[in-house]
Amino acid sequence: MLASFSIHQLSRPKAAEIHLRLGSYKSIRSSQEIKDAYRKQQKKHHPDIAGEKGHENTIKLNKAYEILMKEDLRREYDASIGQMRLGASSSWKGPLRPKAIFVDENACIGCRECVHHAGNTFIMDEAVGTARVKVQYGDDDTKIEISFDSCPVNCIHWVDTEELEVLEYLIKPQPKEGYGVFGQGWERPANVFMAAKSFNKQLKQKVENQRRNARPTDKE
């Protein structure tokens, strides 16, 4: 019998572990798919196969499975990590990793060095003249490291995987408010990392409000 495990006990690193332990959770929607992913990972991390480390991973798998199989906890978990189906720009090659690659297009000068060294990972957006990630880990680690080192303005960053979707959403040019034909166009937040923190803070507050509103009143 699994001990009771509340979604509120999940720190952001723990939330990332659920992604890692069950594979690409974004592509898993039905209970059967979660069961299949759980069984597959259990076989892989069984202590008889993975040794002592497998025991620790099995415990984490059980906690992840308990959360994802309960509809209310899964909805709360999705909201807690900002998984609002924002539409990430990049895809993944292989399983999710703790860290993802992100290009701050505000700082990018369009030098094409990253595309030259790791063309399966980076791509140029010719419309705006900046690079972005098209496939996470599309190249081997050596090529990716060279692309980081070759960037003259340090616009390529390692970020937590769970933060990637919000960052990629916010860095996309958004319509700029204006009056008539004046002041219109496209814009990005000046500091995408600060904007992401603000976005996540607002999302957390929204979840708290929803949770508060869902609680039964004393009169009930």
Can the ring centres of Trp158 and Phe102 be said to be less than 6.0 Å apart?
no
Can you name the nearest heavy-atom pair linking Ile109 to Pro152, along with the distance?
CD1-CG, 3.9 Å
Do Tyr169 and Ile123 sit in one hydrophobic cluster, given that two such residues count as connected whenever their side-chain heavy atoms are within less than 4.5 Å of each other, even indirectly?
no
Is the cationic atom of Arg97 (NZ for Lys, CZ for Arg) positioned less than 6.0 Å from the six-membered ring centroid of Tyr137 and within 45 degrees of its normal?
yes
Do Asn200 and Glu163 have a side chain donor and acceptor closer than 3.5 Å?
no
Under a 4.5 Å side-chain heavy-atom rule over Ile, Leu, Val, Met, Phe, Trp and Tyr, are Val115 and Ile101 clustered together?
yes
Between CD1 of Ile171 and SG of Cys108, what distance do you get to the nearest 0.5 Å?
10.0 Å
Separation between CD of Glu113 and CG of Asp149, rounded to the nearest 0.5 Å
11.5 Å
Distance-minimising heavy-atom pair for His117 and Lys143
O-CB, 3.6 Å
Looking only at non-hydrogen atoms, find the nearest pair between Ile156 and Cys151 and report the distance.
CD1-CB, 4.1 Å
Would you tell me whether Gln136 and Ser91 have side-chain atoms, one donor and one acceptor, within less than 3.5 Å of each other?
no
When you group the ILVMFWY residues by side-chain heavy-atom contacts below 4.5 Å and let the links chain together, are Leu96 and Val159 in the same group?
yes
For residues Phe148 and His157, establish whether the separation of their ring centroids is below 6.0 Å.
no
Would the number of heavy atoms belonging to other residues, nucleotides or ligands and lying under 6.0 Å from NZ of Lys134 be above 12?
yes
Test your reading of the model: is there a side-chain donor-acceptor pair from Asp160 to the backbone of Glu162, 3.5 Å cut-off?
no
What do the steps show when you test Gln42 against His46 for side chain to side chain donor-acceptor pair (under 3.5 Å), and what is the final call?
CA-CA 6 Å; Gln42 278 284 20; His46 193 281; over 6 Å; no
Check the hydrophobic clustering (I, L, V, M, F, W, Y; side-chain heavy atoms under 4.5 Å; chains of links allowed) and say if Leu164 and Val135 are grouped together.
no
Heavy-atom closest pair, residues Asn106 and Ala190
ND2-O, 3.5 Å
Check: Thr121/Asp139 side-chain N/O donor and acceptor closer than 3.5 Å
yes
May I ask you to decide whether Glu105 forms a salt bridge with Arg188, counting only side-chain N to carboxylate O separations under 4.0 Å?
yes
Evaluation steps, side-chain contact (heavy atoms from CB on, under 4.5 Å), between Glu168 and Ser90:
CA-CA 8 Å; Glu168 289 190 335; Ser90 61; 2.7 Å; yes
Determine whether Ser198 and Gln202 satisfy the following criterion, side-chain contact (heavy atoms from CB on, under 4.5 Å), listing intermediate values before the conclusion.
CA-CA 6 Å; Ser198 177; Gln202 292 175 23; 3.3 Å; yes
State, to 0.1 Å, how close Ala196 and Leu167 come at their nearest heavy-atom pair, and which atoms those are.
CB-CD2, 3.6 Å
Compare every heavy atom of Ser147 with every heavy atom of Cys114, then report the nearest pair and how far apart it is.
CA-CB, 3.9 Å
Hydrophobic cluster membership, with links at side-chain heavy-atom distances under 4.5 Å among I/L/V/M/F/W/Y: are Trp92 and Ile144 in one?
yes
Could you go through the side-chain contact (heavy atoms from CB on, under 4.5 Å) check for Glu145 and Thr142 one step at a time?
CA-CA 5 Å; Glu145 288 295 339; Thr142 299; 5.9 Å; no
